[in-house]
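Worksheet for the structure shown next.
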Amino acid sequence: MNFDLSVVPFSRRETFLAVSLLPEGKNRPAGLYLRTVRGGDDKFGEAFRIELLDDAGELLPFKAEANPASVKLAAFDSSSYAELCISDSRTARFRTRGCGIRLTFQPAAYDYAYEAVPGSWEVNSFTHECRFMLTRLAGCMKMEVIWDKIKSSRIVAEFCPDGAAGTAEFAIEEFRTVWKPRPAWEPFEAAVKEAGAEFAAWLDHSLTVPARWQEGRELAAYITWSCLVPAEGCLTRPAMYMSKNWMTNIWSWDHCFNAMALVRHDPKLAWDQFMIFFDRQDESGLLPDFINDKYELWNCNKPPIHGWTLGWMMRRTDWIGEAQLREVYGPLSKWTDWWFRYRDGDGDGIPQYNHGNDSGWDNSTAFNNGIPVESPDLSAFLILQAELLAEIAGLLGKADEAARWRRLAGDTLDAMLSHFWKDGRFTACRSGTHERSQGDSLLLFVPILLGNRLPEEIRTALLQGLREEGRFLTGNGWATESVRSPYYQPDGYWRGPIWAPSTMLLVEGAAAAGDTELAREVAQRFCRMLNKSGMAENFDALTGEGLRDRAFTWTSSVFLILGHEYGEL
């Protein structure tokens with residue numbers, strides 16, 4: 001498998017290091033960069049620009065060829081080339097044949113470089129909140145470091161071959177506090193082989209899909225494997241970021257889909273993905289909107305799909321036992337109660353979203369008329385979550401609490417149906433005034449997840465809307481806004497493009513409502529599109545073109561899940 005570094009970063013499981021081809025940006029020439037994805041998604045994390053040099057020290061144009069284990073930089077006009085790999089969670093290794101490498105670090109703030117020991121230079125990056133140790137292993141090392149009062153204003157390292165071997169080799173180690181010299185370095189070939197074997201094992205255990213989608217399976221498996229970062233800082237467990245492009249966080253519903261894709265073959269890692277937000281839960285019960293290694297954001301949140309997710313996972317593994325249920329019961333209870341206690345401003349028993357971001361559908365037309373918004377998808381999620389809590393409470397011998405959760409689920413279902421079902425369709429409305437929202441959003445079909453809990457006439461109407469070609473349903477799956485709506489935009493985020501989470505929720509909803517034929521058809525259209533267009537954040541509903549960040553983990557996870565469960569003809 002080979003991939004384009006301008007689309008998919010080169011990285012490895014549980015490292016913050018990545019290599020990408022970046023476009024020109026502010027104070028950044030276009031080129032190939034070694035990056036660190038620490039500190040959130042407000043920067044690309046570019047640390048060193050990587051360039052090839054010929055014997056005279058002139059730049060040597062090259063082509064980057066990437067696979068899961070290594071990257072080859074092949075010169076256009078000669079047989080010279082360089083290779084790089086990530087040999088462990090902290091280390092990038094480089095080797096050249098017939099050429100040299102120049103690394104350019106763009107200093108800012110108080111960044112500086114100095115020779116720590118002969119042959120090893122430390123670059124202390126305040127910008128990236130870490131340090132890099134550059135160590136020569138073979139060949140020559142030349143450093144250009146200019147001191148300017150309080151920082152190094154220029155930091156350039158060149159590694160060139162010496163002698164008859166015609167090779168140069170060096171390492172870049174990332175660390176936060178103290179560097180520990182190594183007694184020995186493993187051969188470069190061994191490092192590449194180890195990385196390749198690790199990915200091969202991950203791929204071998206990833207969910208299977210039909211042979212016609214094998215190329216997509218390999219890409220999806222690589223993206224999920226390579227987007228893991230280690231437990232560090234605010235990250236209490238190994239975490240699967242949404243991407244190592246620029247969406248370098250985890251969000252508090254995205255993590256659910258990644259957990260679901262892992263639960264069959266790596267239930268412990270799946271549990272880590274599911275529980276990581278509950279580790280950071282506020283006393284009120286609120287979950288943060290997103291987490292990275294550095295900080296959490298509390299200004300908004302995401303929808304309570306966690307009960308639905310946990311029930312889905314429990315039906316697919318025996319690993320989730322009493323210990324796990326005791327661990328999750330209290331936090332999931334607090335999360336459920338939070339919505340009824342703190343997100344029902346008009347006191348009508350119908351929780352609300354205070355912003356589109358709280359729903360996960362940031363700019364959905366359900367929010368056209370202003371905020372806060374009462375939306376039936378939220379009630380549906382809370383019904384399912386309360387039902388699961390009743391089931392868990394029963395398993396844990398908490399009969400009174402089980403009864404309370406069952407009452408809450410039943411009362412919320414009754415309130416949802418009377419509140420939102422109007423004129424043969426679900427609606428969303430402003431909290432307080434109950435003014436109906438405009439537009440024709442797929443969000444309003446999410447209650448199909450309730451399946452047989454819904455009256456037959458409602459199930460029939462929802463399925464009819466989901467089956468209607470040219471409304472939401474396209475050749476690639478379900479658009480998030482009707483393609484006939486005046487608000488539809490091909491690249492309108494949640495106002496048209498196809499997304500993995502909406503597809504997963506509604507495929508499972510169609511199946512829960514008894515229409516497995518529709519579930520299978522849409523899942524296959526979606527997987528066919530991804531196998532062709534890659535694992536983008538979202539997709540043009542009509543053309544299938546990948547949009548925004550094109551190496552996304554929840555897209556990869558949903559592809560693997562739907563391909564595995566619905567892929568057979």
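With salt bridges taken as basic N to acidic carboxylate O contacts below 4.0 Å, one links Asp491 and Arg548. Between Arg467 and Glu517 a salt bridge is recorded (basic side-chain N to carboxylate O distance below 4.0 Å). With salt bridges taken as basic N to acidic carboxylate O contacts below 4.0 Å, none links Arg38 and Glu129. Classification of Arg404 and Asp337 as a salt-bridged pair holds, one side-chain N sitting under 4.0 Å from a carboxylate O. With respect to the salt-bridge test (charged N to carboxylate O, under 4.0 angstrom), the residues Glu469 and Arg525 qualify.
Pairs passing the side-chain hydrogen bond (donor to acceptor under 3.5 Å, both in side chains) check and including a residue from residues 391-400, sequence neighbours excluded, do not occur.
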task: Go through Phe526 and Trp478 one step at a time and tell me if the ring-ring contact (aromatic ring centres under 6.0 Å, His included) criterion holds.
output: CA-CA 8 Å; Phe526 178 78; Trp478 284 307; 9.8 Å; no
*asked:* Please determine whether salt bridge (Lys or Arg N to Asp or Glu O under 4.0 Å) holds for the pair Asp423 and Arg436, giving the CA-CA distance in whole Å, both sets of side-chain angles, and the decisive distance to 0.1 Å.
replied: CA-CA 12 Å; Asp423 303 322; Arg436 288 195 195 183; 3.1 Å; yes
Residues His306, Phe278; criterion ring-ring contact (aromatic ring centres under 6.0 Å, His included); working and verdict: CA-CA 10 Å; His306 303 82; Phe278 292 107; 5.6 Å; yes
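Across Cys234 and Arg280, no two heavy atoms sit closer than the pair O-CD, 3.6 Å. Nearest heavy-atom pair across Asp440 and Thr365 is N-OG1, 3.8 Å. Taking every heavy atom of both residues into account, Phe420 and Glu374 meet most closely at CE2-O, 3.3 Å.
The number of heavy atoms from other shown groups lying within 6.0 Å of CZ (Arg459) is above 12. More than 12 heavy atoms of other shown residues, nucleotides or ligands fall within 6.0 angstrom of atom NE2 in His265. Residue Gln464 places its CD atom among 12 or fewer non-hydrogen atoms of other residues, nucleotides or ligands, all under 6.0 Å distant.
The aromatic ring centres of Trp554 and Trp253 sit less than 6.0 Å apart.
Looking at Phe340 and Thr412, their side chains come closer than 4.5 Å, going by heavy atoms from C-beta outward. Using a 4.5 Å heavy-atom threshold, the side chains of Trp499 and Glu537 count as touching. Looking at heavy atoms from C-beta onward, Arg13 lies out of side-chain contact with Thr15 at the 4.5 angstrom threshold. Annotation: side chain of Trp213 is in contact with side chain of Gln524 (closest heavy-atom distance under 4.5 Å).
Judged as a side chain to side chain donor-acceptor pair (under 3.5 Å), and not counting sequence neighbours, the contacts of Glu435 are Asn369.
Between Phe426 and Trp421, the ring-plane angle classifies as perpendicular under the 30° and 60° cut-offs. Using bins of under 30°, 30° to 60° and over 60° for the plane-to-plane angle, the ring pair His419/His434 lands in the perpendicular bin.
Residue Asn301 forms a side-chain contact (heavy atoms from CB on, under 4.5 Å) with just one option from Phe290, Trp335, Trp251, and that option is Trp335.
Trp271 and Gln324 form no side-chain donor-acceptor contact under 3.5 Å, judged by distance and modelled atom types alone.
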